[in-house]
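In what follows, a structure is listed as structure tokens, so that the remarks can point back to it.
Computed from a prediction, not measured in an experiment: that's the story for all the values here. Sequence lines set the chain letters: A, B, ... in the order given, protein chains first and strands last, and positions in each chain run from 1.
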Number of protein chains: 2
Amino acid sequence: MSWEERLSRAGWRITTPRRVVMQVLQRAGRPLSPQEIYMRGRRIHRSLGLVSVYRSLEVLERVGLVRRVHQEDRCDGYILASPGHHHILLCRRCGRTVEFPGAEDLSGLIAQVEQRTGFQVEDHLLELIGLCSPCQRSKS
Amino acid sequence: MSWEERLSRAGWRITTPRRVVMQVLQRAGRPLSPQEIYMRGRRIHRSLGLVSVYRSLEVLERVGLVRRVHQEDRCDGYILASPGHHHILLCRRCGRTVEFPGAEDLSGLIAQVEQRTGFQVEDHLLELIGLCSPCQRSKS
DNA sequence: ACTGCTTTTGAAAAATTTTTTCATTAAGCG
DNA sequence: CGCTTAATGAAAAAATTTTTCAAAAGCAGT
Ligand SMILES: [Mn+2]
Ligand SMILES: [Mn+2]
Ligand SMILES: [Zn+2]
Ligand SMILES: [Zn+2]
């Protein structure tokens, strides 16, 4: 199912700003901030407004089409999200980001933590950080 | 070893703002934003400046005495950090935050991902989100 | 305790980021 | 096509973070 279809079925309209944000993120392959999306987006859609980028990201994230990435220094970067439970792997050098499916190895850990703390775990945030192949080589 | 000693050994001075930030976080038990730390800190140290809160957090985080917490809606909350590799478990309702030691169950997953992506994984970010005991009960 | 050197502080200003407001535009549906 | 309502973009406002700089305070060595 296309992202347009997913967005539409969730009750949202397919608009130019939303299309532009998706297109920019598709081409990026690394997390982009609203500001960056805005600047690149304007080359596609001259009259794009920064506010619409913010608003688009909010909706697209809610629908699960886009994901925010947490980094040491910034947490305002967005990438395209594949459907279903995924985690991300990102290169600390060039920012390249790759998703990988859930691989739920955490159940043991979670059970253990629940036991010891009395918490009821509902969700988790997992990101792996490292160096992508190209950056391993060009390790100046 | 006390936090003062750890800070000092790392080459930093023990100052009033840093002491206040630590004290505020000690009493909090949940992530506090710089603004919140500032407001609470002023009750201890009348002339505390917001800038010093920002600067203190930067240093304390660098030394590993304090940790930034990533949440759905905000990533500007700080908690006290225990020494060594820990993860956090936080309540989505009241914000209560608990640390738990590394429990490195991730090595399998990491090896698998490294294999498939060519990345070299160096670090990770893991947070568990759920409901703490009190909030499970008062589930209005 | 006192001195001198250096880091750190707090106020103010500046820069950046995010949110709100509101008149206008344009999606989507018949 | 026309209607209805969601969505847009400009502008302003609010909130957050960083920079600047003179004054204060930490600390090492007397
Ligand atoms: Mn998972
Ligand atoms: Mn770990
Ligand atoms: Zn974050
Ligand atoms: Zn890379």
Checklist entry - When the distance from CD of A:Glu36 to P of C:dT17 is rounded to whole Å, what number comes out? => result 10 Å

Checklist entry - In terms of side-chain heavy atoms of B:Arg74, which of D:dT8, D:dT19, D:dT16 is nearest? => result D:dT16

Item to check | Whole-Å distance separating the CD atom of B:Gln35 from the C1' atom of D:dA15 | outcome: 9 Å

Checklist entry - Is any side-chain heavy atom of B:Phe119 closer than 4.5 Å to a side-chain heavy atom of A:Val98? => result yes

Checklist entry - Whole-Å distance between D:dA7 P and A:Leu57 CG? => result 15 Å

Item to check | Comparing B:Glu58 and B:Thr16 on DNA chain D - which has the more 5′ nearest nucleotide | outcome: B:Glu58

Checklist outcome for this item: Taking C:dT8, C:dT18, C:dG10 as options, the one with an atom nearest any side-chain atom of A:Tyr54 is C:dT18

Checklist entry - Under a 4.0 Å N-O cut-off, is there an ion pair linking B:Glu58 with B:Arg68? => result no

Checklist entry - Whole Å only: how far is the CG atom of B:Asp73 from the C1' atom of C:dT19? => result 15 Å

Checklist outcome for this item: Residue pair A:Ser47/B:Arg13 against DNA chain D: nearer the 5' end by closest nucleotide is A:Ser47

Checklist entry - Checking all strands, does A:Ser33 fall into the base, sugar-phosphate, or nothing category for heavy-atom contacts under 4.0 angstrom? => result nothing

Item to check | Closest listed nucleotide, where the reference is the side chain of A:Trp12 and the choices are D:dA7, D:dT8, C:dT9 | outcome: D:dA7

Next on the checklist: In whole Å, I'd like the distance from the CZ atom of A:Arg42 to the C1' atom of D:dG9.
Outcome noted: 11 Å

Checklist entry - Just to confirm, is there a sub-4.0 Å distance from OP1 or OP2 of C:dG10 to any side-chain nitrogen or oxygen of B:His45? => result yes

Item to check | A:Glu122 side chain reached by B:Ile129 side chain, heavy atoms, under 4.5 Å | outcome: no

Next on the checklist: Counting the atoms with a prime plus P, OP1 and OP2 as sugar-phosphate, which does B:Arg46 contact under 4.0 Å by heavy atoms, base, sugar-phosphate, or nothing?
Outcome noted: nothing

Item to check | Euclidean distance, atom CG of residue B:Leu50 to atom P of C:dT8 [Å, nearest integer] | outcome: 18 Å

Checklist entry - Want to settle it: does B:Arg55 or A:Arg55 sit nearer the 5' end of DNA chain C, counting the closest nucleotide to each? => result B:Arg55

Next on the checklist: Can you confirm whether B:Arg67 sits close enough to B:His86 that some side-chain heavy atom of one is under 4.5 Å from a side-chain heavy atom of the other?
Outcome noted: yes

Next on the checklist: For the residue pair A:His124 / B:His87, report whether a side-chain donor-acceptor contact shorter than 3.5 Å exists.
Outcome noted: no

Checklist entry - Is there a donor and acceptor pair closer than 3.5 Å between the side chain of B:Arg18 and the base of D:dG26? => result no

Item to check | Short side-chain N/O contact from A:Thr15 to OP1 or OP2 of D:dA7, under 4.0 Å | outcome: no

Checklist entry - Taking the side chain of A:Leu48 as heavy atoms from C-beta outward, which of D:dC27, D:dG9, D:dT8 is closest to it? => result D:dG9

Checklist entry - Roughly how many Å is it from CZ in A:Arg62 to P in D:dA7, rounded to a whole number? => result 10 Å

Next on the checklist: If I take atom CG in residue A:Asp76 and atom P in nucleotide C:dT19, what distance separates them, rounded to the nearest angstrom?
Outcome noted: 12 Å

Next on the checklist: So, taking the atom named CH2 in B:Trp3 and the one named CZ in B:Arg19, what distance separates them when rounded to the nearest 0.5 Å?
Outcome noted: 6.5 Å

Checklist entry - Heavy atoms under 4.0 Å, any strand shown: does A:Ser8 hit a base, just sugar-phosphate, or nothing? => result nothing

